[in-house]
Amino acid sequence: MNRALIGIAVLLFFSWVLLTAQTSKKAADANGHAWWQHAVFYEIYPRSFADSNNDGIGDLKGITSKLDYLKDLGVDAIWITPFFPSPQVDFGYDVSDYEAIDPMYGSLGDFDALTVAARQRGIRVILDLVVNHTSDQHKWFLDSKSSRTAQRRDWYIWRDGKAPGQPPNNWTANFGGSAWKFDPTTKQYYYHYFYPEQPDLNWRNPAVKQAMFDVTRWWYKRGVSGFRLDAVNTLFEDPNLKDNPVRPGKSAYGDPLQEHKYNTNLPEIHEALRQLRKVTDQYNGVLIGETWTADINELNAYYGKGNNELQLPMDFLFTNINKLSAAEFRKQIAAINSASGWPTFVISNHDIVRSYDRYGDGRHNDEIAKLMAGLYLTLRGTPILYYGEEIGMKTTPPARKEDVQDPKGRTGWPQDKGRDGERTPMQWDQSENAGFTRGKPWLPVPPTAKTHNVAVETNDAQSILSFYKKLLKLRHSNRELLEGNYLPINQNDQNVLSYLRVYQDQAVIVSLNMSGAPQKVNYELKKNGFASAKPLVTTGQSSSNGDFVTLDPYGVFIGQLVR
Ligand code: GLC
Ligand code: CA
């Protein structure tokens with residue numbers, strides 16, 4: 001190994017201390033980190049988590065009943081995707097009232113009971129704030145479309161067509177078709193980045209901004225600890241509505257491909273986020289951003305100068321890595337370590353194929369699931385687990401077009417089968433419907449629920465769930481993993497991804513075999529002043545001996561360097 005590296009680590013550590021001391025004076029714990037830097041987040045898709053009244057749809061009471069499970073797993077904060085009143089065209093991402101609960105999920109009383117029960121267990125609650133658009137049934141939009149002179153006309157984006165029957169420009173919607181819909185009453189088009197039932201709000205109107213900021217205040221007062229900002233990179237559009245550049249090829253929905261140059265990641269977003277951050281800081285909250293960006297520079301902008309925008313803009317660049325590749329992961333981790341804020345990587349969520357399937361080879365999927373946990377939970381930054389990852393849930397898309405629930409899965413069939421596959425019910429036990437409901441679940445329970453469920457895996461020391469628990473326990477107690485610097489080592493190894501997490505004069509080594517063959521790695525520990533690596537958490541037979549770490553196929557070794 002590069003001998004100088006551990007020396008470098010010490011240097012890096014000191015510059016890092018200076019940096020964090022400057023940036024997080026407020027709301028920081030004894031180590032200089034804010035609460036959200038130490039927390040493990042867990043994303044709950046409420047329709048699919050736990051159904052308390054057996055109507056086939058998960059609900060708030062269901063979540064409350066599973067808080068002990070989450071506590072035991074090692075979760076510090078839950079992000080619940082939208083449960084507000086909604087026509088459910090986009091399963092809650094079409095909100096028709098921001099300050100209420102859809103009766104299918106429960107009541108405000110149930111929500112208050114959930115936050116109280118969560119707080120008792122040291123778990124914070126984060127909500128999903130759909131900032132870019134409302135439902136077309138929201139009272140703001142109903143007013144807006146009622147006449148050209150309506151009080152809220154300018155709360156949405158209305159334009160004349162280019163010519164009769166022609167939308168204002170060539171922008172296509174993310175879920176297919178033109179991004180403009182003609183309204184026969186007022187004879188203008190309104191803009192929607194997503195489904196036509198999700199009209200975009202006009203963020204250039206100060207009243208819109210204030211209304212959304214007030215929504216966050218309303219929920220902070222009810223006890224929430226922050227928000228995940230939905231589709232935040234779509235907030236602003238080019239005021240001149242310039243056509244987007246067209247690219248060769250067609251989307252799954254049959255539209256010509258285009259670069260979303262004039263309707264995503266516009267610079268105006270940053271001023272709005274700085275203002276929202278000021279509100280957030282009054283409540284010691286956290287802002288997580290759904291920030292789809294092309295590269296680290298675009299992502300970096302979302303932290304803001306001096307970290308005055310989003311604390312946790314999600315780094316989606318891992319989701320572009322479609323096969324296990326030590327080199328690719330190394331590259332993306334290095335990229336974010338050059339960014340100006342605290343990392344938060346994404347490997348799975350309710351919109352993308354689960355990491356279990358993205359990296360699984362069909363034979364070693366369970367080992368690979370542990371490998372990904374070994375990576376995800378030992379990186380510097382805040383992890384956001386997606387429900388079911390901890391038990392190895394498999395993406396299970398519908399077999400037939402007529403079974404598809406997510407509308408874009410019907411338009412895009414079979415190329416894009418929609419997002420049902422990653423939203424199937426949580427697998428609790430071996431009973432019918434995996435213990436999710438005693439009714440008919442809104443999406444079928446995958447066949448793998450028989451082997452991959454909480455009950456079975458709790459009793460198996462070698463299960464994916466047991467591995468997650470061990471890792472999360474280590475992550476909460478080990479200073480190097482909580483606070484430490486990230487230092488890549490053995491960077492030319494094509495099979496094994498290796499790094500140190502260094503804190504003060506201590507280091508943890510993480511060794512991840514991304515290949516299907518056993519590996520033996522020489523870390524030259526003695527030359528660097530260490531006697532050995534003492535195992536902390538490992539998989540299978542993976543072990544250490546002096547300078548060497550031996551890894552099973554897809555094996556994980558996490559160890560403490562001892563002098
Ligand atoms: C985000 C959500 C996705 C939703 C879209 C529109 O991308 O994660 O589920 O469909 O925004 O609100
Ligand atoms: Ca229910």
Side-chain angles (χ1 to χ4, degrees), residues 43-66 79-84 86-96 98 101-107 110 114 126-136 138 173-176 179 191-201 212 227-235 253 260 263-265 288-293 313-314 316 319 346 348-353 384 386-387 405-409 411-412 416 418-423 425-426 433 435-443:
E43 178 189 354
I44 293 180
Y45 197 71
R47 279 185 94 78
S48 301
F49 198 60
D51 177 16
S52 73
N53 63 351
N54 297 309
D55 63 355
I57 293 169
D59 42 57
L60 296 180
K61 276 190 177 148
I63 298 174
T64 307
S65 73
K66 300 298 183 186
W79 148 34
I80 314 174
T81 67
F83 47 68
F84 316 104
S86 159
Q88 303 287 325
V89 172
D90 194 14
F91 297 110
Y93 281 98
D94 46 327
V95 178
S96 55
Y98 287 90
I101 310 281
D102 196 297
M104 76 171 67
Y105 296 121
S107 64
D110 295 335
L114 166 60
I126 308 295
L127 301 194
D128 208 314
L129 189 67
V130 187
V131 276
N132 174 66
H133 48 268
T134 68
S135 158
D136 63 349
H138 195 292
N174 200 39
F175 298 151
Y191 172 68
H192 57 90
Y193 186 84
F194 296 96
Y195 291 122
E197 294 86 347
Q198 296 168 300
D200 271 49
L201 285 161
M212 292 308 275
F227 293 88
R228 175 262 190 189
L229 303 181
D230 182 64
V232 66
N233 54 346
T234 62
L235 278 194
Y253 322 110
H260 291 282
N263 56 347
T264 62
N265 293 318
I288 305 172
E290 192 203 8
T291 36
W292 289 96
T293 52
M314 290 174 173
F316 282 100
T319 68
V346 176
S348 289
N349 73 20
H350 64 285
D351 296 323
I352 50 183
V353 166
I384 306 178
Y386 182 47
Y387 83 92
Q405 299 273 349
D406 184 14
K408 83 177 177 102
T411 339
D416 178 354
R419 297 162 291 180
D420 296 355
E422 52 267 25
R423 298 173 176 179
M426 176 68 180
N433 299 324
F436 164 71
T437 182
R438 273 182 271 126
K440 183 177 183 305
W442 78 283
L443 282 176

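First listed ligand is number 1; within each ligand, the first listed atom is number 1. These numbers were taken from a predicted model, which means no experiment stands behind them.
The nearest pair of heavy atoms linking D90 to R419 is OD1-NH2, 3.0 Å. Across D59 and S52, no two heavy atoms sit closer than the pair OD1-OG, 2.9 Å. Considering all non-hydrogen atoms of both residues, D55 and M104 come closest at OD2-O, 4.3 Å.
Around atom 11 (O) of ligand 1, the closest heavy atom drawn from N349, D230, D351 belongs to D230.
The six-membered or imidazole ring of H350 lies away from that of F91, with a centre-to-centre distance of 6.0 Å or more. Ring centroids of H133 and Y195 are separated by 6.0 Å or more, keeping the two rings apart.
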Check your understanding: Passes side chain to side chain contact (heavy atoms under 4.5 Å, CB included), Y386 versus V346? Steps please.
Key -> CA-CA 9 Å; Y386 182 47; V346 176; over 6 Å; no

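Annotation: side chain of Y93 is not in contact with side chain of F194 (no heavy-atom distance under 4.5 Å).
Of all protein heavy atoms, the one lying nearest to atom 7 (O) of ligand 1 is E290 OE2, 2.8 Å. Regarding atom 6 (C) of ligand 1, its nearest protein heavy-atom neighbour is D90 OD2, 3.4 Å.
With a 4.0 Å heavy-atom cut-off, ligand 1 is reached by no atom of W292. Contacts of R228 with ligand 1, taken as heavy-atom pairs under 4.0 Å, involve the side chain alone. By the criterion of a heavy-atom distance under 4.0 Å, neither the backbone nor the side chain of K408 is placed next to ligand 1.
Atom OD1 is the N/O/S atom of D51 found closest to the Ca ion (ligand 2). The Ca ion (ligand 2) is closest to atom OD1 of D55 (considering only N, O or S atoms). Per residue D59, closest N, O or S atom to the Ca ion (ligand 2): atom name OD2.
Side-chain atoms of S48 and W442 include a donor-acceptor pair closer than 3.5 Å. Judged by distance alone, the side chains of D94 and S86 do bring a donor and an acceptor atom under 3.5 Å apart.
For ligand 1, the atoms lying closer than 4.0 Å to a non-hydrogen atom of R419 are 3 (C), 4 (C), 9 (O), 10 (O). Contact atoms of ligand 1 toward H350: 2 (C), 3 (C), 8 (O), 9 (O) (distance under 4.0 Å to a heavy atom of the residue). Taking every heavy atom of F175 and a limit of under 4.0 angstrom, the matching atoms of ligand 1 come to 10 (O). Interface atoms of ligand 1 facing R423, defined by a heavy-atom separation under 4.0 Å, are 9 (O). Within ligand 1, counting atoms from 1 as listed, the ones closer than 4.0 Å to a heavy atom of H133 are 6 (C), 12 (O).
Between the O atom of I57 and the OD1 atom of N53, the angle centred on the Ca ion (ligand 2) amounts to 160° when rounded to 10°.
Looking at D420 and K408, no side-chain N of the basic residue comes within less than 4.0 Å of a carboxylate O on the acidic one, giving no salt bridge.
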